[in-house]
Amino acid sequence: MTVTPTEGGGSTGTDGSTRTDGSTEAGDPSPDGGQPRAERPSVLVPVEVLEGESLPSGTPELLANAHVVLCGYHEIPEQTATEQAREQFGETGMSKLDAFADALAAAGADVETRLVFTHDEETTIDRLIYEHDCLAVLVPNSTERVESVLVALRGTVGVGRNTRLVAGLFADADVDVTLYHALNEGESPEDGESFLSGVRSDLVERGVDADAIETVVEDAAAPVDAIADRAASHDAVVMGETDPSVTTFVFGMPSEQVADRFLGPVLVVQRARPEE
Amino acid sequence: MVGPDASEALTDVIDADTGEGELERTIGLVGGLAIGVGTMIGAGIFVFPGLAAENAGPAAALSFAIGAVVALLVALPASELATAMPRSGGGYFFISRGLGTAPGAVVGIGLWLGLVFASAFYLVGLGSYAGQVFFEAGIALPIDPAVPLGVAFGVGLTGLSLFGTENTAALQNAIVISLLVILTLFLSYGSLDALGVFGAEHVPEGFFPPGGLLAVLQTAALVFTSYLGFAQVATVAGDITEPSRNLPLAMVGSVLLVGVFYVVTIFVATSAFGSARLGQFGETAMVEVARSFVGLPGAIAIAVAGLLATFSSANASILSASRAVYAVSRDGIVPEAASRLNLRYGTPHVALGLAGGPIVVLSATGQVELLAEVASFLHLVMYGLICVGLIQLRRESPSWYDPSFRCPAGFAVAGVGALASFALIAFMRPASIGVGVGVMLAAYGWYRYYATDVELKGDF
């Protein structure tokens, strides 16, 4: 189930200590004793492994400091038994997935792979997010470089998961972080500023360079449009998931809308799941 | 009775990654019930009432009740086996593992052809309802459209399942739920009417037909096709979540649900019209019953409901037939090529062709009753052997046999279930028995020719 990334040439040449070489078991996020960082945030990366989808460029750099749960899946129509698809495509899928895992590991991430044959990709992705307790899911789009990240924050609820992710991924990666907050109804610009400055000091405490953080508070009529517009001048977006509602049913989740317009990688921060 | 831990552990072993990926289970209890009900309800309510009433009068309700009892006697042992072996393939899988390759091959090939016959039967019903819709719309057709339309739907559905990648499960659930709503309204009104609430007068009619109990039993054998769907739940056992709980509930629940609907339907239909009159209306008798209650809107509602119901039955059966081909080919009883998947569409094109081709040919014959009886024959042989398999497995108690659902009074239920299944065959018409026996002999002949070196007993 777990793949130990092969020793890529890149890791030995640079700082070997940031690589974890031991294999990691599911649900055990602390792989080795001498960790250089407090915690690698787990990020789920879904890939439709047999649809000719390859790992988008920029993904290994973006997730260099992450614990990546690489979820290869193959969605099959209901007229086909999942067993039947595994029998025929399992080996091909696994070897493709391993190649992706090697690319991620070579950039510094530690990688777990899962390959799932399913009739419903949402069920599968949802289950794996839960099983691996992932902080975020990547909408895998390509980017040329990872130098600046837009972090869209809605409010104080669950904001700690955003900061854990951002700090974990970008703390000493020389990446500019823009914290963005669209004012909620009845919220004054001062409230917004103080919310973001709280987040900022949390990030600094977690090791992000204070000079690399910029904050933007805006009174936007349509936050989704505003985020998508701003995203154009960044290389990646971090944002939260939203409760399903009629609006999300019709227009799709805000994160999906942003991803569709931005066309770059979006990290969707997952809410904490209630304990079973 | 249900120990989720044991079976869920077993489920984990089957789905877990063997170096080639893991499997996701995506069908819940509602989905399982929808498969069972959706496969069954088309035949029992929308095709058989006219034919059954003609043969057995109001006692056709008893024929349907007998069918329900036989189906339940098989559904319980089948549930136990399914929780012990939650794998795709259903009855074929249980029998080949419990009783050995030869019975397995006969049942596996028989199941494929049984579903082919059943699909052809549903398609002719579907054609009748499509023709009825044309009729209600005021479009006159020069010939009886049932058979040509049935053939056209057969070709269309096979094509759809070859290339269609959209999820049909959500559609199936929606169809089943709207059917149940329409039928509940219709049958409630009909029952009140039959009991004289609306002051309608009814011609008193003797409960038993002139043929007596024999006619009732013969009709039970004919209409048993209305109960074939519960075993389809077992053919997708590999996709069902929490199989230890959901498999038995879906199988037993769907039989109980449709059984009640069938009995009430016959009661309502035979109260609205005399049995002979119903018989003249043929496959679409229910449309006339609805027309007699609420006029044209009722007729249209039931004609459309019949279209949906027979469509969902036909579709589910074609898909099950292709799963049956996969199950035997995975075990090497037929060449492996039969289960090849098309990477682009993810569908088993050879298996679907092996199902769709003969289905189209058979539906062109238009022999509704023969098709229904041969389908029932081949299924009943499997049901009987499922019961025998349960007895065998319980006696041998191999180490891998650890069902989380145990059929209450297992030996008695399975024993009676086996006897009842085989006995029902005896009441079929000689032509149907002849075709059924022919198919079984051919299947056995194929096994002797191709698969004598395959050993499946206990291969789990």
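Chain letters run A, B, ... following the sequence lines, proteins first, then strands; residues in each count from 1. Worth knowing before you read on, the calculation uses all heavy atoms, side chains too, and leaves out hydrogens, waters and symmetry mates.
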Roughly how far, to the nearest 0.5 Å, is the [atom2] atom of [Y] from the [atom1] atom of [X]?
| X | Y | atom1 | atom2 | answer |
| --- | --- | --- | --- | --- |
| B:L319 | A:T80 | CG | OG1 | 9.0 Å |
| A:Q84 | B:L23 | CD | CG | 12.0 Å |
| A:R86 | B:L341 | CZ | CG | 13.5 Å |
| A:T118 | B:E22 | OG1 | CD | 10.0 Å |

Tell me whether A:E83 is salt-bridged to B:R323, with the criterion being a basic N under 4.0 Å from an acidic carboxylate O.
no
A:R127 atom CZ: more than 12 heavy-atom contacts under 6.0 Å:
yes
Examine the side chains of A:T124 and B:E24 and answer whether a donor and an acceptor come within less than 3.5 Å of each other.
yes
Which answer fits B:S339, side chain, backbone, both or neither, if we ask what part of it has an atom under 4.5 Å from a heavy atom of chain A?
both
Run the salt bridge (Lys or Arg N to Asp or Glu O under 4.0 Å) test on A:E87 and B:R330 for me, step by step, so that the C-alpha distance in whole Å, both residues' side-chain angles and the decisive distance to 0.1 Å come before the verdict.
CA-CA 9 Å; A:E87 213 162 89; B:R330 173 183 61 193; 5.3 Å; no
Indicate the atoms forming the closest heavy-atom contact of B:Y345 with A:P77, along with that distance.
O-CG, 3.4 Å
Under 3.5 Å, is there a donor-acceptor pair between the side chain of A:T123 and the main chain of B:T26?
no
